[in-house]
Amino acid sequence: RTAREDHSRLTRCGASADPAITTFFQMARPSDKNISSWFFELSESLASGFDAVEAVKMADGVPTTTKEILANRFRSGSSWGDAIEEHCGFLQRGEISIISAAEDAGKLSETFKELGEVRKETASFKSRIKFSSIYPLGLLHFGSLVFPINYLIESEIEAYLVSVGMILIPLWSLVLLLLIEFKLSPGFKKLFQLCIPIIRGYSINRDLSRFSRTFSACIRSGMPIELCWQLALDSANSKRLDSEGDDAIRAIKGGHPASEMLTEKGAYPKEFRQLYRMGERTGDLEDNIARAAEMYSSKARRRLMAATLVYPQLLFLLIAVFVAIKVISFYKGYFDGILKILE
């Protein structure tokens, strides 16, 4: 871990960004859709023969100030990896590692296109989850406002507000606390994801995909195998992968194959271990790990697709049960009142 942190510090630009600019970039975080558009336009510009300055100035999707600062950095001779790491805090650690490796390999255009596809899928899945949740959440709010309406009929406004608040305040407090915690602590967000069925599978396969993509890009760029492991682990940012990954790095330093440290009961799945060992022996490690990246990316997409189908439906079912209980309680109280009058 120390080696990866040292490498990350060494690859940063010598000069620190202005605090005001840093604060601005932390606040101005483009959406996944905008970042996807930015990646695609960078890919097209570079493929068309434009230099880095012209490419960033033409590509839309990020704040104008970001484009201007990046253009100035490129005019002064900065690399893509250094400029983006210093000024694009809205990008994921894995994306920055992949871009740096792709720059060394001369594959920036292809890599930006691939990253754009990934961000596009992420934006699509997030939109699907949001739209799938609108109806059940709307139903919950409707029920919480309608079913205590008998308090309003009896002019008990305070009782009505208390009844509504007992449902909505805990709900939105929980949502707000989770959003804040996710923002402040990415580690908590990952831990939370690992505790949820289906989403757990998505998170694990996404980490393996990031690891494999970065590793493949680093191999393609001609980096030493030890550094490939360091950058790939940094990109994945997964404690599950770190332990065996660090053991693999130590094995490489000792002159042994990294595959010796990938155990059957470890974090790296059987198919990954097989592809890695075969790649070590045949010299096709780059292609084998690239296939692993596609495989785990596909698995992550399927898990996330399943989550967008299952969880909104489950939420709807829970809310429907809640509404049914409220309806039964309402009519039970209504009929009990009629029976008392008749008596």
Salt-bridge criterion met for Glu226 and Lys253 (N-O under 4.0 Å): yes
CD1 (Ile157) with more than 12 external heavy atoms under 6.0 Å: no
Audit row: Glu95, Arg210, side-chain contact (heavy atoms from CB on, under 4.5 Å) steps and yes/no: CA-CA 8 Å; Glu95 291 172 332; Arg210 287 178 178 173; over 6 Å; no
Beyond-backbone contact of Phe182 with Phe188, side-chain heavy atoms, under 4.5 angstrom: yes
Residues which pass side chain to side chain contact (heavy atoms under 4.5 Å, CB included) with Ser31, listed by chain and number, not counting sequence neighbours: Lys33, Asn34
Side chain to side chain, Leu115 and Phe40, heavy atoms closer than 4.5 Å: no
Minimum heavy-atom distance between Lys57 and Arg75, given as atom pair plus value: NZ-NH2, 3.7 Å
Candidate pair Leu285 and Phe215, rule side-chain contact (heavy atoms from CB on, under 4.5 Å), full reasoning: CA-CA 9 Å; Leu285 194 56; Phe215 193 97; 3.8 Å; yes
ILVMFWY cluster, Leu176 and Ile167 together (side-chain gap under 4.5 Å): no
Taking every non-hydrogen atom, the tightest pair across Lys67 and Val62: CG-CG2, 3.6 Å
Aromatic plane relationship, Trp229 with Tyr268 - under 30° parallel, 30 to 60° tilted, over 60° perpendicular: perpendicular
Separation between CG of Asn205 and OG of Ser209, rounded to the nearest 0.5 Å: 8.5 Å
N/O donor-acceptor pair under 3.5 Å between Ser163 side chain and Ala159 backbone: no
Side-chain heavy-atom pair His87, Arg73 within 4.5 angstrom cut-off: yes
Any donor-acceptor pair under 3.5 Å from Ser78 side chain to Phe74 backbone: no
Nearest-0.5 Å distance, CG of residue Asn237 to OG of residue Ser235: 8.5 Å
Derivation and outcome, side chain to side chain donor-acceptor pair (under 3.5 Å), residues Glu41 and Ser37: CA-CA 6 Å; Glu41 293 187 30; Ser37 176; 3.3 Å; yes
Closest non-hydrogen atom pair, Ala300 against Tyr202: O-CD1, 3.3 Å
Residue pair Arg119 / Gln92, side-chain heavy-atom distance below 4.5 Å: yes
Distance, nearest 0.5 Å, that separates CD1 of Ile99 from SG of Cys88: 7.5 Å
Rounded distance [0.5 Å steps], CZ in Phe211 versus CG in Asp207: 11.0 Å
Spacing of Thr214 atom OG1 and Gln230 atom CD [to the nearest 0.5 Å]: 13.5 Å
Min side-chain heavy-atom separation Asp247-Thr263 under 4.5 Å: no
Atom pair OG/CE of Ser48 and Met58 - distance to nearest 0.5 Å: 7.5 Å
For the student: nearest non-hydrogen atoms of Glu244 and Ala267, plus distance: OE2-N, 2.6 Å
Test item: Leu233 and Asp246 side chains (from C-beta on) under 4.5 Å apart, heavy atoms: yes
Residue pair Arg303 / Ile204, side-chain heavy-atom distance below 4.5 Å: no
Donor-acceptor contact below 3.5 Å, side chain Ser297 vs main chain Ala293: no
Tyr296: ring pair (Phe, Tyr, Trp, His ring centres under 6.0 Å) partners, not counting sequence neighbours: none
Cluster overlap Ile169 with Leu179, hydrophobic side-chain contacts below 4.5 Å: no
Hydrophobic cluster membership, Leu42 vs Phe50, 4.5 Å side-chain cutoff: no
side-chain contact (heavy atoms from CB on, under 4.5 Å) between Ile199 and Phe192, worked out: CA-CA 9 Å; Ile199 296 294; Phe192 184 81; over 6 Å; no
Test side chain to side chain donor-acceptor pair (under 3.5 Å) applied to Ser216 and Glu286, step by step: CA-CA 5 Å; Ser216 177; Glu286 174 192 333; 5.1 Å; no
Expected output: side-chain Ser43 to main-chain Phe112 donor-acceptor under 3.5 Å: no
Nearest heavy-atom neighbours spanning Lys120 and Ser36: CB-OG, 3.4 Å
Verdict with reasoning, Phe90 to Ile35, per side-chain contact (heavy atoms from CB on, under 4.5 Å): CA-CA 9 Å; Phe90 51 83; Ile35 294 175; 3.8 Å; yes
In one Ile/Leu/Val/Met/Phe/Trp/Tyr side-chain cluster, 4.5 Å: Leu91, Trp80: yes
Flag side-chain contact, heavy atom, 4.5 Å: Glu103 against Ser79: yes
Joint hydrophobic cluster, Leu161 plus Leu145, side-chain heavy atoms closer than 4.5 Å: yes
Nearest heavy atoms of Ala102 and Thr111, plus distance in Å: CB-OG1, 3.0 Å
Side chain Asp51, main chain Glu54, donor-acceptor under 3.5 Å: yes
